[in-house]
Amino acid sequence: MKHQFPKDFWWGAAASGPQTEGRLPNDSKGASIWDHWYQTNPEKFFQGQGPNRTTQVITHFQEDLNSMEEIGFNSFRTSIQWSRLMPEGRGAVDQAAVAFYHRYFDEMLARGIEPFVNLYHFDMPMALQNEGGWLNRETVTAFAEYAQVCFDLFGDKVNHWFTQNEPIVPVEMGYLYQQHYPAVVDLAQAVQVGYHEALASALAIQKFRRSGCKGTIGIILNLTPTYPKDPQNPADQSAAVIADAFFNRSFLDPAVKGTFPKELVEIVDDLGIRPVTTAEDLAVIRNNTVDLLGVNYYQPRRVQQKHSPKQAMQPMPEDYFDAYDWPDKKINPYRGWEIYEKGIYDTLINLRDNYNNIPCFISENGMGVEDEERFKNEEGVIEDAYRIQFVKDHLAYVHQAIQEGAHCLGYHMWAATDNWSWLNAFKNRYGFISIDLDTQKRTIKRSGYWFKEVIRENGFDA
Ligand code: BG6
């Protein structure tokens, strides 16, 4: 049986500015929170590798794009680094950055690769972080101004814009679980940060619409379908509803419906931590929902009713549910994430049924594997059969969801090339294209050749 995908399906992969661009000595880029954190705490980064030396796309983008062209991508997502374009986060625009992004997008277009451009991938400019970052309402205004600058500069080249990638991540990792700067633990701050991110996205969408830009604007969310331990048990079920409200609907609802989930509003009211807002700002959120939704899918979340004693002194999302460790789960041992292919189908069906079947696409899905060098053949090609299997198994479910009416327009893998990954740096490799970090040589992996066939056929044999 052949899994045939709809005509004009988007095939490609994703990356982000901070994970690929790298720095040049004495370049004019401003510091982001990552540059700052690396300077103050290099020991936090795997093998001490920081964001200044990534895959050096700033000088090697042509090689990356050549490989993507060879595979046959018709689209590719990356992000503009706010701190590269506007080193202080607001005000002056750096002309070297403008020239770089123009060239980068031009070279994509010249190869028939549609640039999908995201504006924020966890990379707050340090100058704004020093004023409170997302805790500060002024940052929301600065973000909307930065978005406007991007639309004005690159609007004629870019058809698909995204305001943010995974806005829940700066909330969880920066303000609850200490994996991103500023690494504080404070639910009240986390709520304010999340609210400001949602508002910033809506304000950028308002700017986009008012400036009459062509194309679409959306957001990219990491949706983790949430399963109760026992679906028949009402207490497990409500635990799943709350976890879903915290980690999915917190951004999905405002982005697509312009509202916040009532379960979450009740919790923050109960705790007395409702974010500071105005009626005018709430109207901006209500009236500026997305055209297109990017869905990053890696793993599900499994929960059960709260049995365990409260761990932290302060309020935490985990006060409302316990994690459930499903004994039958399959795991990617390198990243420690569960692999559950059907989750991608459940997510698309949820969007079909509960989110007005909003146009969407899989904007990330993938598998990070350590030490892939061991799978290199005599020609230097990495034989990553596990990645082919992973993508195939997920694509089969995407195909099924489309057959059942889901409005899914494409599939992007994480990532195009191996790239630098936050605290894990280069520990796990994700790309269709491997990179030798010493020589910066790019080589397509077996999965990349397999994907080439899938793109050529617009499908694959199941
Ligand atoms: C996504 C992010 O959550 O997952 C990427 O958008 C990230 O930035 C990717 O790199 C894989 O996760 P990690 O932590 O293994 O790099």
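For ligands, and for the atoms within them, numbers begin at 1 and follow the listed sequence.
From the protein, the heavy atom lying nearest to atom 11 (C) of ligand 1 is Tyr430 OH, 3.4 Å. The protein heavy atom nearest to atom 13 (P) of ligand 1 is Ser421 OG, 3.3 Å. At the shortest separation from atom 10 (O) of ligand 1 among protein heavy atoms lies Gln19 NE2, 2.9 Å. Counting protein heavy atoms only, atom 1 (C) of ligand 1 is closest to Glu364 OE1, 3.0 Å. The nearest heavy-atom contact from the protein to atom 9 (C) of ligand 1 is Tyr298 OH, 3.5 Å. Protein heavy atom in closest approach to atom 14 (O) of ligand 1: Arg335 NH2, 2.8 Å.
For His180 and Trp34, the distance between ring centers is under 6.0 angstrom.
The shortest non-hydrogen separation linking Asp27 to Arg84 is OD2-NH1, 4.0 Å.
Counting the atoms of ligand 1 from 1 in the order shown, those under 4.0 Å from a heavy atom of Asn165 are 6 (O). Taking a cut-off of under 4.0 Å to the non-hydrogen atoms of Glu166, the atoms of ligand 1 that pass are 1 (C), 2 (C), 3 (O), 6 (O). Close approach to Trp337 involves these atoms of ligand 1, each under 4.0 Å from a residue heavy atom: 12 (O). Counting the atoms of ligand 1 from 1 in the order shown, those under 4.0 Å from a heavy atom of His121 are 2 (C), 5 (C), 6 (O), 8 (O).
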message: Please evaluate residues Ser447 and Asp384 with respect to the criterion side chain to side chain donor-acceptor pair (under 3.5 Å), reporting the C-alpha separation (whole Å), side-chain torsions for both, the decisive distance (0.1 Å), and the verdict.
response: CA-CA 6 Å; Ser447 58; Asp384 53 345; 2.6 Å; yes
Kindly list each side-chain donor-acceptor pair under 3.5 angstrom involving residues 143-151, sequence neighbours excluded, with atom names and distances?
from: Tyr146; atom 1: OH; to: Ile80; atom 2: O; distance (Å): 3.2
from: Tyr146; atom 1: OH; to: Leu119; atom 2: O; distance (Å): 2.9
from: Gln148; atom 1: NE2; to: Asp152; atom 2: OD1; distance (Å): 3.1

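Ring geometry for His394 versus Tyr297: interplanar angle of 30 to 60°, hence tilted. Ring-plane geometry between Phe361 and Phe162 is classed as tilted, the angle between the planes lying from 30 to 60 degrees on a 0 to 90 degree scale. In this structure, Phe122 and Trp422 have tilted ring planes: the angle between them lies in the 30° to 60° band.
For ligand 1, the polar-atom distance check finds an N/O of Trp422 within less than 3.5 Å of one of the ligand's N/O atoms.
Glu364 is linked by a salt bridge (Lys or Arg N to Asp or Glu O under 4.0 Å) to Arg77, counting only residues two or more places apart in sequence or in another chain.
Contact annotation: for Tyr334 versus ligand 1, there are no heavy atoms closer than 4.0 Å.
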